[in-house]
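Here is the structure we will look at, set down as structure tokens.
From a predicted model like this one, the values you see are computed outputs, not experimental measurements.
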Amino acid sequence: MATPRIEAVNDFVIRFANVNGTGSASANNMFSKAVFRMGVPVSPKNIFPSNIQGLPTWFEVRVTEKGYMGSRGDVDFVVAINGQTMKQDYETLMPGGYFMYDSTKALPREFKRDDVIEIGIPLTQMCIDNYTNPRQRQLFKNIIYVGALAYLFDMEFEVLTGMVKDQFAKKEKLIAPNIGALELGFNYAKEHFEGVCGLSVSRRDNVGDSIMIDGNSATGLGAVYGGATFAGWYPITPSTSVVEAYEKYANKFRKDENGKNKFAILQAEDELSAMGMAIGGNWNGARSFTATSGPGLSLMSEFIGLAYFAEIPVVLIDVQRSGPSTGMPTRTQQSDVISAAYASHGDTKHVLLIPCDPAECFEMTATAFDVADRLQTPVIVLSDLDLGMNDHVSRPFKWDDDRKYDRGKVLTAEDLDNMQERWGRYKDVDGDGIGYRTYPGTHPTKGSYFTRGSSHDEYAAYTEDSSVYEANMERLVKKWDTAKEVAPRPQIKYRDKDSKVAAIFYGTSAQASYEALDGLEEEGTKINTCRIKSFPFHPDIGKFIEEHDTIFVIEQNRDAQMRTLLINEFNTGTERLRSILNIDGMPIRARRIKRKIERMLNGEAVSPFTTVNSSGEGVEA
């Protein structure tokens with residue numbers, strides 16, 4: 001019996017398989033944004049190598065009318081342009097899926113699946129026949145297959161032509177040839193593949209006023225709105241575009257009436273220096289930050305510890321990638337959780353803010369500067385490559401123009417003059433663990449102190465008195481308790497108040513987790529959820545854990561780092577917290593989460609890993 005073809009309207013996954021450096025990303029983005037312009041939510045993922053040119057690259061687009069923004073898992077349609085990976089791409093297809101390829105050369109004989117619909121388009125020959133410039137032949141090949149997809153998916157062709165006109169409004173001579181390439185593909189598919197494809201994109205009004213933006217751009221804008229005026233920086237994938245975005249938006253919003261910059265960016269010689277510059281800027285009263293990824297976080301740890309102990313506010317944007325060491329620089333993971341939470345030697349703990357979408361990247365970055373100033377401590381915004389470098393459909397950013405920055409406990413010259421008692425930089429007079437500080441030059445004779453990373457007393461004087469040191473460390477614990485009320489609270493949802501089964505997740509694991517749990521609920525299994533948005537953990541998370549007997553902790557690292565953090569911070573037993581882990585460098589997939597939970601609830605002894613090598617589940621790459 002023949003496998004039926006996959007049929008769906010506004011609900012499928014298409015994967016483009018290309019060679020890095022061939023201009024395919026622009027064409028693939030055009031397809032993705034055309035779907036968005038038709039009012040259908042879309043989730044694109046650019047899976048690219050860390051070299052400049054030549055290695056395989058994939059661009060996966062999820063068309064999702066229901067608005068699920070996480071990776072689904074499984075592929076329904078492949079556009080196979082890269083001969084190196086064609087066999088792999090062929091095998092990843094779901095039964096009943098579609099395989100578009102360049103039929104200038106016939107498929108190799110080993111491509112024999114009777115459950116795949118093959119769509120051959122002679123892309124290379126069409127380019128040879130229509131273009132003489134070698135570079136045009138390479139670039140327009142990508143546009144031709146987008147045109148073919150427009151026919152196969154019954155898309156509104158004028159949406160694509162409108163995008164071309166918008167993109168090349170300042171280069172009008174490029175409009176006609178690009179539209180011509182779209183027409184070549186559209187007409188070929190119309191002539192040869194009428195009625196072949198059961199997938200379609202139909203106009204909806206499901207995106208409302210949503211925008212498409214990557215998390216790093218949102219983070220850079222959030223830094224501007226958060227009042228940042230200085231960035232110390234050392235470039236590293238995938239965080240580089242955070243500071244680039246900050247520079248772009250600061251050039252627009254951080255200039256005086258004469259056009260003079262009211263911000264500064266300094267590229268340091270290494271990550272440690274970049275963090276040192278950011279600390280120095282904040283010590284001097286300028287809201288300052290830096291951005292990095294895992295390797296940079298490791299190098300910055302010494303200065304992070306200094307900022308913690310000397311109590312200097314600073315903001316660090318950590319866009320996580322696959323480690324350890326150099327790892328896979330262009331693959332995503334949530335692998336810095338523990339190293340960020342406890343960065344540096346000795347007893348240190350750091351505030352983490354964990355966004356799950358671009359809107360939260362914007363909001364949490366702006367908030368991070370307030371939290372850092374209020375608590376006088378480092379705050380780390382924990383993003384990742386998937387969130388940072390891929391476009392996401394996001395709610396619009398909102399900002400209250402009446403909002404005032406929270407600079408925390410900062411004494412003015414008048415405060416110092418009116419003070420009757422002796423001021424101590426590290427003296428806790430309010431019972432919240434936070435002392436009052438001054439900016440350099442606040443007063444000609446009062447308010448000065450020596451900032452040191454060595455042991456100090458309430459008045460910032462050096463000491464090796466054990467009791468004084470112990471009292472200082474205990475005060476920092478009190479400040480940590482204050483931080484629990486300052487940091488964003490968890491997002492908890494009870495699907496069934498009587499259920500003893502729950503799931504905990506965070507960051508970019510959230511979207512796929514929610515989808516997986518929605519699917520389980522449709523089948524009668526209701527699982528309560530807690531999305532962690534910050535560290536230190538709010539007491540509500542501890543209460544949530546105590547209310548349930550089985551809690552799935554869903555994350556994207558090998559060593560169950562968030563689970564470890566929960567066990568350590570709440571001193572809870574290990575049996576009730578069960579890991580579901582993804583470590584292949586790709587965004588975690590909803591279908592794999594669902595399958596894993598089903599098997600665990602059925603009592604199967606299965607690995608916690610959702611990836612192919614570890615579990616044998618699925619056929620996805």
Taking [Y]'s backbone N and O only, do any of them form a donor-acceptor pair with [X]'s side chain (distance below 3.5 Å, no angle check)?
X: Arg489; Y: His538; answer: no
X: Tyr246; Y: Ala228; answer: yes
X: Ser298; Y: Gly296; answer: no
X: Ser293; Y: Val319; answer: yes
X: Asp214; Y: Ser217; answer: yes
X: Asn282; Y: Ser288; answer: yes
X: Tyr98; Y: Ile6; answer: yes
X: Asn557; Y: Gln561; answer: yes
X: Ser241; Y: Glu244; answer: no
X: Asp370; Y: Asp406; answer: yes

side-chain contact (heavy atoms from CB on, under 4.5 Å) assessment of Asn528 paired with Lys493: CA-CA 6 Å; Asn528 299 326; Lys493 178 180 179 181; over 6 Å; no

Do the non-hydrogen side-chain atoms of [X] and [Y] ever get within less than 4.5 Å of each other?
X: Glu521; Y: Ile527; value: no
X: Val61; Y: Val42; value: yes
X: Val381; Y: Asp318; value: no
X: Leu520; Y: Ile597; value: yes
X: Val393; Y: Met69; value: yes
X: Arg321; Y: Thr326; value: yes
X: Tyr506; Y: Val337; value: yes
X: Arg395; Y: Glu360; value: yes

Verdict with reasoning, Arg563 to Ile504, per side-chain contact (heavy atoms from CB on, under 4.5 Å): CA-CA 9 Å; Arg563 176 179 180 270; Ile504 292 176; over 6 Å; no

Derivation and outcome, side chain to side chain donor-acceptor pair (under 3.5 Å), residues Asn46 and Trp58: CA-CA 6 Å; Asn46 189 15; Trp58 291 270; over 6 Å; no

Matching residue for Ser509 among Arg531, Gln334, Glu555 - test: side chain to side chain donor-acceptor pair (under 3.5 Å): Gln334

Member of Asn28, Asn82, Thr57 meeting the side chain to side chain donor-acceptor pair (under 3.5 Å) criterion with Asn18: Asn28

Can you establish whether the number of heavy atoms outside [X] located under 6.0 Å from its atom [atom1] is more than 12?
X: Arg331; atom1: CZ; result: yes
X: Asp205; atom1: CG; result: no
X: Arg558; atom1: CZ; result: no

Kindly state whether the ring of [X] and the ring of [Y] have centres lying under 6.0 angstrom apart.
X: Phe505; Y: Tyr514; result: yes
X: Phe230; Y: Phe263; result: no
X: Phe157; Y: Phe186; result: yes
X: Phe77; Y: Phe153; result: yes
X: Tyr145; Y: Phe16; result: yes

Please determine whether a side-chain nitrogen of the Lys or Arg among [X] and [Y] lies less than 4.0 Å from a carboxylate oxygen of the Asp or Glu.
X: Asp74; Y: Arg591; value: yes
X: Glu523; Y: Lys594; value: yes
X: Lys45; Y: Glu60; value: no

Ring-face cation contact, Tyr405 with Arg287, 6.0 Å cut, 45° max: yes

Identify the two heavy atoms, one from [X] and one from [Y], that lie closest to each other, and give their separation to 0.1 Å.
X: Cys361; Y: Thr219; value: CB-OG1, 3.4 Å
X: Thr22; Y: Leu139; value: O-CD2, 3.7 Å
X: Leu517; Y: Ala503; value: CD1-CB, 3.9 Å
X: Leu297; Y: Ser339; value: CD2-OG, 3.4 Å
X: Lys526; Y: Ser499; value: O-OG, 3.2 Å
X: Val243; Y: Ala291; value: CG2-CB, 4.1 Å

Audit row: Trp233, Thr240, side-chain contact (heavy atoms from CB on, under 4.5 Å) steps and yes/no: CA-CA 9 Å; Trp233 177 51; Thr240 299; 3.6 Å; yes

Derivation of the side-chain contact (heavy atoms from CB on, under 4.5 Å) call for Tyr234 and Thr292: CA-CA 7 Å; Tyr234 187 81; Thr292 194; over 6 Å; no

Asn582 versus Thr610, side-chain donor and acceptor atoms under 3.5 Å: yes

Trace of the salt bridge (charged side-chain N to carboxylate O under 4.0 Å, His left out) decision for Glu158 with Lys165: CA-CA 10 Å; Glu158 58 272 18; Lys165 292 174 182 176; over 6 Å; no

Working for salt bridge (charged side-chain N to carboxylate O under 4.0 Å, His left out), residues Asp518 and Arg495: CA-CA 10 Å; Asp518 285 350; Arg495 296 170 184 250; 2.9 Å; yes

Evaluation steps, side chain to side chain donor-acceptor pair (under 3.5 Å), between Glu65 and Asn10: CA-CA 5 Å; Glu65 184 170 297; Asn10 298 338; 2.7 Å; yes

Derivation and outcome, salt bridge (charged side-chain N to carboxylate O under 4.0 Å, His left out), residues Glu515 and Arg589: CA-CA 9 Å; Glu515 180 180 358; Arg589 290 82 149 177; over 6 Å; no

Parallel, tilted or perpendicular: ring planes of Phe253 versus Tyr249, cut at 30 and 60 degrees: parallel

Interatomic spacing from CD1 in Ile47 to CG in Leu385 - rounded to 0.5 Å: 10.5 Å

Trace of the salt bridge (charged side-chain N to carboxylate O under 4.0 Å, His left out) decision for Arg72 with Asp76: CA-CA 11 Å; Arg72 186 197 72 182; Asp76 304 307; 3.0 Å; yes

The single option from Leu581, Ile583, Thr508 passing side chain to side chain contact (heavy atoms under 4.5 Å, CB included) against Gln556: Thr508

